[in-house]
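Contents: one structure, followed by commentary.
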Amino acid sequence: MLKLADNHVHTQWSWDARHGDMEESCRRAVELRLPSIAFTEHADWIRGPHAVFDVQGYFGCIESCRAAYPDLRVLSGVEMGEPHLFPEAARTLLSAPFDRVLASVHCVEWEGRHVDASERGFLTPANIEAVFHLYLREVLALLESDQQFLVLAHLDYPKRYWPAEPRYEEGRYEEEFRAILRAAAARDVALEVNTTRGGDASRFLCPGPLILGWWYEEGGRAISFASDAHRPEAVAAGFDLAQRVSSEAGFKPNTDPTGFWMR
């Protein structure tokens with residue numbers, strides 16, 4: 001299969017990637033013969049200052065990897081969590097010359113505090129419907145804000161942590177998803193296909209084939225592939241499936257240096 005660019009990788013510069021290593025991730029990308037890799041470290045202001053990376057140190061590491069791996073396109077980047085809630089901090093961060101700017105929603109406000117969907121025990125059969133509606137509403141608010149970004153990351157993120165019951169079914173939220181996709185298409189951002197490090201596709205491909213089809217129908221132009229790796233061995237994991245479902249949805253490779261697939 002065609003080798004895809006991995007446009008969403010975390011390393012030691014992200015607060016939650018203690019096994020991350022930028023140089024080793026580059027080595028893994030070369031082994032896999034990837035054309036490029038983007039290191040999109042976390043800026044999660046909602047968690048506090050510790051969850052925003054050292055930009056100066058990070059760019060020094062980027063330059064070292066570019067020198068060490070001249071045949072690999074090493075892209076700088078950031079994944080901003082809920083940036084529309086922190087517009088001044090986001091603007092300040094984006095004064096740095098990032099090649100890739102991702103925006104995502106991880107948290108919703110629940111019972112007086114912001115809670116990440118990944119928090120152990122948070123999502124339950126009793127609250128999952130209400131939480132997911134809140135989550136989709138927050139994603140739409142991000143898209144309707146004036147926050148600048150290039151890629152909408154892991155659209156249906158809570159799916160990763162969905163309880164056993166009730167069963168997750170995208171079709172139940174079609175109206176809300178389509179509103180989000182129309183807003184994303186109007187902004188001309190790319191929709192990320194996140195493989196969650198190659199986990200079970202039914203649970204961890206974010207989004208799956210149905211929503212990718214809706215993205216095409218709503219006028220979405222671009223797909224960005226992402227392993228969301230937090231350790232080197234997970235770079236590009238699950239990409240064969242991501243390539244297949246994106247192709248079936250109507251998206252094709254192109255010669256643009258972004259590494260995105262286009263309609």
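Computed from heavy atoms alone, side chains included, the values below leave out hydrogens, waters and symmetry copies. It should be emphasised that the depicted structure is a prediction, and the values quoted were computed from it without experimental measurement. Here, residue 1 is the first one in the sequence, and each next residue gets the next number.
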Backbone of Gln243 reached by a side-chain donor or acceptor of Ser246 within 3.5 Å: no
Audit row: His10, Asp16, side-chain hydrogen bond (donor to acceptor under 3.5 Å, both in side chains) steps and yes/no: CA-CA 9 Å; His10 296 279; Asp16 65 343; 5.0 Å; no
Cationic N near anionic O, under 4.0 Å, Asp99 to Arg66: yes
Donor-acceptor side-chain pairing of Glu129 and Tyr173 below 3.5 angstrom: yes
Distance-minimising heavy-atom pair for Asp156 and Gly208: OD2-N, 4.3 Å
Flag, side chain of Arg221 to backbone of Arg263, donor-acceptor distance under 3.5 Å: no
Heavy-atom pair of closest approach, residues Leu134 and Glu109: CD1-O, 3.8 Å
Whether Asp6 side chain and Ser227 backbone form a donor-acceptor pair below 3.5 Å: yes
Side-chain H-bond candidate by donor/acceptor type, Tyr157 with Asp116, under 3.5 Å: yes
Side-chain heavy atoms of Asn194 within contact of Leu205, under 4.5 Å: no
Rounded distance [0.5 Å steps], CG in Asn127 versus CD in Glu111: 8.0 Å
Carboxylate-amine/guanidinium proximity below 4.0 Å for Arg27 and Asp21: no
CA sep, side-chain torsions, deciding dist, call: Leu72, Cys26, side-chain contact (heavy atoms from CB on, under 4.5 Å): CA-CA 8 Å; Leu72 175 66; Cys26 287; 3.9 Å; yes
Main-chain N/O of Asp146 paired with Gln148 side-chain donor or acceptor, under 3.5 Å: yes
Pairing of Arg91 and Glu88 as salt bridge, 4.0 angstrom limit: yes
Heavy-atom side-chain proximity of Phe149 to Leu102 below 4.5 angstrom: no
Gln12 CD to Ser25 OG distance, which is reported to the nearest 0.5 Å: 8.0 Å
Presence of salt bridge, Glu217 and Arg178, under 4.0 angstrom: yes
Ring geometry between Trp15 and His42 (parallel below 30°, tilted from 30 to 60°, perpendicular above 60°): tilted
Centroid-centroid distance, Phe132 to Tyr168, less than 6.0 Å: yes
Minimal non-hydrogen separation, Ser118 against Tyr161, with atom names: CB-CZ, 3.4 Å
Ser95 side chain vs Thr92 backbone, donor-acceptor pair below 3.5 Å: yes
Spatial distance of atom CG (Leu181) from atom CG (Leu191) [nearest 0.5 Å]: 6.5 Å
Student check: side-chain heavy atoms of Trp13 and Cys61 closer than 4.5 Å: yes
Candidate pair Arg197 and Arg231, rule side-chain contact (heavy atoms from CB on, under 4.5 Å), full reasoning: CA-CA 9 Å; Arg197 304 169 282 283; Arg231 60 188 191 281; 3.9 Å; yes
Phe204 side, atom CZ; Leu241 side, atom CG - distance, nearest 0.5 Å: 13.5 Å
Side-chain heavy atoms of Leu75 within contact of Thr40, under 4.5 Å: no
Thr11 side chain to Glu41 side chain, donor-acceptor N/O pair below 3.5 angstrom: yes
Straight-line distance of Ile37 CD1 to Cys65 SG, nearest 0.5 Å: 9.0 Å
Ring-ring centroid check Phe98 Phe59, cutoff 6.0 Å: yes
Contact check, side chains of Val101 and Val151, non-hydrogen atoms, under 4.5 Å: no
Between CG on residue Asp44 and CZ on residue Phe86, distance to nearest 0.5 Å: 9.5 Å
Heavy-atom closest pair, residues Leu143 and Ala183: CB-CB, 4.0 Å
Flag, side chain of Tyr58 to backbone of Gly77, donor-acceptor distance under 3.5 Å: yes
Any donor-acceptor N or O pair under 3.5 Å, side chains Thr196, Asp228: no
Residue pair His154 / Arg160, side-chain heavy-atom distance below 4.5 Å: yes
side-chain contact (heavy atoms from CB on, under 4.5 Å) between Val9 and Arg28, intermediate numbers included: CA-CA 12 Å; Val9 174; Arg28 178 60 176 158; over 6 Å; no
Test item: Trp215 side-chain N/O and Leu210 main-chain N/O as donor-acceptor pair under 3.5 Å: no
For Gly81 against His106, the heavy-atom pair lying closest together: CA-ND1, 4.2 Å
Steps toward side-chain contact (heavy atoms from CB on, under 4.5 Å) verdict (Leu34, Leu4): CA-CA 6 Å; Leu34 301 188; Leu4 307 177; 5.8 Å; no
Donor + acceptor pair across side chains of Ser104, Glu79 (<3.5 Å): yes
Minimum heavy-atom distance between Pro87 and Leu85, given as atom pair plus value: CD-C, 3.4 Å
Side-chain donor or acceptor of Asp188 paired with backbone N/O of Ala185 under 3.5 Å: no
Donor-acceptor pair between Glu144 and His84 side chains, under 3.5 angstrom: no
Side chain proximity check, Phe260 to Leu150, heavy atoms < 4.5 angstrom: yes
Glu169/Arg172 ion pair, N-O < 4.0 Å: no
Heavy-atom check, side chain of Leu93 versus side chain of Val78, under 4.5 Å: yes
Whether Ser14 side chain and Ala17 backbone form a donor-acceptor pair below 3.5 Å: no
Lys159 side chain to Glu170 backbone, donor-acceptor under 3.5 Å: no
